[in-house]
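Remarks on the structure that follows.
Chain letters run A, B, ... following the sequence lines, proteins first and then strands; every chain starts at 1.
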Amino acid sequence: MDEKYFPEKIEEKWQKRWADERAFEARDDDPREKFYALEMLPYPSGYLHMGHVRNYSIGDALAWYKRLRGFNVLHPIGWDSFGQPAEQAAIKRGIQPREWTEANIVAMRGQFQRLGISYDWSREIAAHRPDYYKWDQWFFLKMLERGLAYKRTSPVNWCPKEETVLSNEQSSGGICWRCGTPVVKKEIEQWYLRITKYAEQLVEDIKEIESGWPEKVIKRQRDWVGRSEGAYIDFGVKDLDEKIRVFTTRIDTIFGATAIVVAAEHPILPQLLEGSSLKDDVLKFAEQIKAARAIKAEDQTADEEKLGMNTGRLAINPFNGELLPVWVANYVLMDYGAGAVMSVPAHDERDFEFAQKYTLPIRQVIAPVIHGQQSEPVNTAPGHDQSIEMKHAFVESGVLVNSGEWSGKLSHEAIREMSEYAAAKNFGGGAVTYRIRDWGISRQRFWGAPIPVVYCPKCGMTPVPEKDLPVLLPEKAEFTGTGESPLKTVPEFVNTTCPKCGAAATRETDTMDTFVDSSWYFFRYCDPRNESMPFAPDSVAKWTPVDQYIGGDSHAVMHLIYTRFWTKVMRDLGLVNFNEPVKRLLTQGMVTNRVEETNEWKAMSKSLGNGVDPDEMIEAFGADATRLFILFAAPVENELRWSETGIEGAVRFLRRVWTMVYRYAGLRPAEHAGGVRTEFSDGARALRRKTHQTIARVTDDFEKLDLNTNVAALMELSNALGEFNVDPATASGSEAFAVREALEALVVMLTPFSPHIAEEMWEGLEHAGGLLKSAQWPSADPELAKKDELEIPVQVNGKLRSRVVVSPDISEADLRALALADAKVQSFIDGHKIVKVIVVPQRLVNVVIK
RNA sequence: GCGAAAGUGGCGGAAUUGGCAGACGCGCCAGACUUAGGAUCUGGUACCGAAAGGUGUGGGGGUUCGAGUCCCCCCUUUCGCACCA
């Protein structure tokens, strides 16, 4: 250890040592309790940004902490290496995606190593390598066998800029999740995974993870699955042997229905119009709605004006036989519920707006319940068509009125009983619907896992047999950027023979969504070189579920829904024996920087010109200070505004610790190993107190992942050490013991934040030969952490007036007497009557006077 | 529009969950050491006030001996959802 701290001198040294000793490789046969620390798989764009540094610094701090606590830690890394940017690079620069990707991985691996993240590099995986994507294809075949993968023609979300299909999750909000371009609809034949089959479990199993996941992610997952309880009701059609099925969550309002409204795409529409003079007009109108929707994605149409047209048909309300006009309108969606609704303007905002525009009757059938009793309905007067003046729909539940024999019942009773009645009479019944749609995984792309099926003129669609996997991507393809899969340009790939009959056949040229790769990658880390299975169930049982997952909240509904789904499928395939892959989830905040032109704080990005290069930070301040600062500067879940002056503070702190370790390195703990309390001077006792308080605090904060306060605690300990300030030449045995105890604790606890300097100092403290990974986390002695004396604030009428210094085990009565006797307190209560005295032991005294 | 979360010094943020508001750091001020300092060290730093003291956690009200923390109303910001029947 040198006298002065130069990060560049020591960081490389320890990185090399860790690599040479394979310090962070996890072994399956290690008998200690396991801990799986995982950060989200990076896309190999070619360079790390500060958001990555934050993500991986958090994960590494936790991995180190658990390692020092004696856990067998699995901390792996790999590459989400399929995807569009590689193809864009291919188009732009005429370089093959594979070359580009491999070069990026090399560059980023170097950056990770320069940061000194403690990964088990022996388990590194990459999605674009055949030994990985082979198993994507294997899973696909398993799903195909079980009917979980299927193909259909349907309108898909299409990004016109990137010329690609997007899943519902990727086009949330009507814009492309990657480039922000408004999404349009396009008819295309596509492969889907039946995630809807697991909709109920995706909601139900939330209870297993709720306590370990951020509330906002749980909420978004729930909303995304969109479970909704209600009922189906079949309305008959007058003069036609047809039924229109509607879905409603408010069957209790059915007597207030004044129309049936169907979606423009509803298949019954042509039949309803058969022989009608309105046929041409209505069908033309329906086409206009569809066309409008194709231009704007459906999500963007919410605030648009409601448009509708009467079909001229009448539907029959099965509850009261009433005839209701059937309309077609733009506000009813085909792909939710039944594609048709009963319009109840009095109790639904949208129906209300629609009814007002087209002057449909508005009939109140729910009255508010006031003080636990039924209020008078607003209007029950006969001969008024029971239409009433309302300014808004009354959407709450209440008590039924104007509802025949059901009147007088409360909404929740009526909902249950009316559903049962509908079921008994065979025209409907209780039902549950979900918003979630099946996951479209087809991409008309080259740089992804080929979907392993073949089209044979005789046998039709035929799965590639397992033994023929992987279906390899060709070495090269042409990139035209037209939206057709570039695989179509490679005849050697396309032309094949049918696995069943041997006839000439063609391959599927779509590849899989890259979210397939990331749905199960962390299981592969457990058994990364398995050649006969995606992973051996034994290995996975050893390590999974993931104990702590760390990543950005941008994946709250995409990756995190898919991986939960995938886990359930793997469970049903007998590969794992649990429902949920991730026990605890941490969503870290963005790292932002000021954009010069607009003066706004935005996530760092190349295009905005506000990026900060981690390599430059490492060069200027060292990896240790960079990591320490990024964890100290803000709570992990908050946005972090980058500041270069802040990082200098981190360097200063490290330098101070270094100087102290250097100064005291020769101090021997001498004979005080037992550490009897009374043998220590006041100063040494105070230092030991601070040491043990800090150990307790840091340990506690780590469990909560409060890393910023954690660093603050270490700084406090370092400050206390600085104040203690004994001369190493003349220090007594007990002083040396106290100093050494503090230094060793400080160095070990600093390791998760700044491991290189910690290793160097650990060596400096003459633990030669032993890496910190074999060190032990210090343990806090509560006796030593206890204060000798307490300073108790004394308030008069709630205002702080004085403080009294007392022993921690003073009796309540003594504390009260002492507080009242205090001269300062006396001056405030003099001439007043003491009403009462509140004594909170160990805490405070409050004297109430009048 | 609907929903959720959050508002604490010049800044990032602490506050053992109802008990000394502002830990720790940045910045700033003063001093020391220096040929020099954008190095290092020491001290100071919520606001008003010379002091005694007073005021203070977005604003207003309430509960309580005591409120940053609990309750009600309002304002602002951020995020999420956006015709889901």
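- Note on A/V332: a base of the nucleic acid sits closer than 4.0 angstrom, heavy atoms only.
- The 5' end of RNA chain B is approached more closely, in terms of each residue's nearest nucleotide, by A/E215 than by the other of A/E215 and A/N719.
- Spacing between atom CG of A/D223 and atom P of B/rG3 amounts to 13 Å, rounded to whole angstrom units.
- In this structure, A/W327 and A/F354 have perpendicular ring planes: the angle between them is above 60°, well past the 30° mark.
- Distance A/F629 CZ to B/rC26 C1': 8 Å, rounded to the nearest Å.
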A correct 5'-to-3' footprint of nucleotides 11-21 of chain B, with B, S and - meaning base, sugar-phosphate only and no protein heavy atom under 4.0 Å, is -BSS-B--BB-
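- The pair A/R222-A/E210 meets the salt-bridge criterion, since a charged nitrogen lies less than 4.0 angstrom from a carboxylate oxygen.
- From A/L687, atom CG reaches atom CG of A/N725 across 11.5 Å, with rounding to the nearest 0.5 Å.
- Stacking of A/R801 on the aromatic ring of A/F828 is recorded, both the 6.0 Å distance cut-off and the 45° axial limit being met.
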Expected string for nucleotides 37-56 of chain B under the B/S/- scheme (protein heavy atoms, under 4.0 Å, primed atoms plus P, OP1, OP2 as sugar-phosphate) is --SSS------------SS-
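- For B/rU63, the O4'-C1' to base torsion is more than 90° from 0; the nucleotide is therefore anti.
- Under a 4.0 Å N-O distance rule, the pair A/R250/A/D252 qualifies as a salt bridge.
- For the pair A/Y336 OH and B/rA85 C1', the interatomic distance rounds to 7 Å; values are reported in whole Å.
- Taking only distance into account, the side chain of A/K216 never meets the base of B/rC79 through a donor-acceptor pair shorter than 3.5 Å.
- Between A/K787 and A/E789 there is no salt bridge, since no side-chain nitrogen of the basic residue lies less than 4.0 Å from a carboxylate oxygen of the acidic one.
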